[in-house]
Amino acid sequence: MRGSKDKNIEELLYELLAKIDGIDSKSEKIKALYEKVDKRLNKCVQKVGIVRYKAFDDIGSAALSFSIAFLDSNDDGVILTGIYGRNECTTYAKPIDKGVPKYDLSEEEEVALKEALNKRVI
């Protein structure tokens, strides 16, 4: 009962209960904020798979083409593919919905998607 000059036990208990109510209120606000942040994080990129390869034989030894799968915790996302040729470079984006592509995938895109799907979300 330190610092309780001229206060009786009942007054001190009321003060403590008021403090506890304040802490409960803050705790509920923190919990709501955590749940909001957690929902947003689930939609962020969490799993990535990447494959580099040589798309054409006449390019030399450099593997400059690539396929990258970006997925969130629900396995929604996109596969980006860049195909490098001697005279041109083309980029494609293909949507992924719950781990299922909406368009046919090349072998390299399938490898990138499988790699991303096999990543564990913490």
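- The CG atom of D72 sits 14.5 Å away from atom CZ of R40, with the distance rounded to the nearest 0.5 Å.
- Of the charged side-chain nitrogens involved, none lies within less than 4.0 Å of a carboxylate oxygen, so that D76 and K43 do not count as a salt-bridged pair.
- Linking Ile, Leu, Val, Met, Phe, Trp and Tyr residues whenever their side-chain heavy atoms come within less than 4.5 Å leaves L41 and V48 in two separate clusters.
- Partners of S65 according to the side-chain hydrogen bond (donor to acceptor under 3.5 Å, both in side chains) rule, which considers only residues two or more places apart in sequence or in another chain, do not exist here.
- Using a 4.5 Å heavy-atom cutoff, the side chains of V111 and Y53 are not in contact.
- Under a hydrophobic clustering in which Ile, Leu, Val, Met, Phe, Trp and Tyr are joined whenever their side-chain heavy atoms come within less than 4.5 Å, directly or via other members, L117 and V78 fall into different clusters.
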**OP:** Go through I79 and I68 one step at a time and tell me if the side chain to side chain contact (heavy atoms under 4.5 Å, CB included) criterion holds.
**Re:** CA-CA 5 Å; I79 294 180; I68 305 174; over 6 Å; no

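- Between D97 and K102 there is a side-chain heavy-atom pair separated by less than 4.5 Å.
- Between K31 and E35 the shortest side-chain heavy-atom distance falls below 4.5 Å.
- Hydrophobic cluster membership differs between L113 and Y92, with clusters built from Ile, Leu, Val, Met, Phe, Trp and Tyr side chains linked at under 4.5 angstrom.
- Residues T81 and T91 form no side-chain contact, since every pair of their non-hydrogen atoms from C-beta on lies 4.5 Å or further apart.
- With a 4.5 Å cut-off on side-chain heavy atoms, L71 and V45 do not count as touching.
- Distance OG/S67 to CD/E109: 4.5 Å, rounded to 0.5 Å.
- Taking hydrophobic clusters as Ile, Leu, Val, Met, Phe, Trp and Tyr residues chained together by side-chain heavy-atom distances below 4.5 Å, Y103 does not share a cluster with I83.
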So D104 and K94, salt bridge (Lys or Arg N to Asp or Glu O under 4.0 Å) or not? Walk me through it. CA-CA 9 Å; D104 291 336; K94 297 179 182 178; over 6 Å; no

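- Between the CD atom of E28 and the NZ atom of K26 there is a distance of 14.0 Å, given to the nearest 0.5 Å.
- Within a 6.0 Å sphere centred on NZ of K119, heavy atoms belonging to other residues, nucleotides or ligands number more than 12.
- F70 places a side-chain heavy atom less than 4.5 Å from the side chain of L80.
- Residues Y84 and T90 form no side-chain contact, since every pair of their non-hydrogen atoms from C-beta on lies 4.5 Å or further apart.
- In plain terms, the two heavy atoms of R52 and A63 that are nearest each other are NH2-O, 2.6 Å.
- In this structure the side chain of I96 never reaches within 4.5 angstrom of the side chain of D75, judged on heavy atoms.
- Using modelled atom types, no side-chain atom of D38 and backbone atom of Y34 make a donor-acceptor pair closer than 3.5 Å.
- A pairwise comparison of heavy atoms in A116 and A69 identifies CB-CB, 3.9 Å as the closest pair.
- Between E115 and G49, the closest heavy-atom pair is OE2-CA, 3.6 Å.
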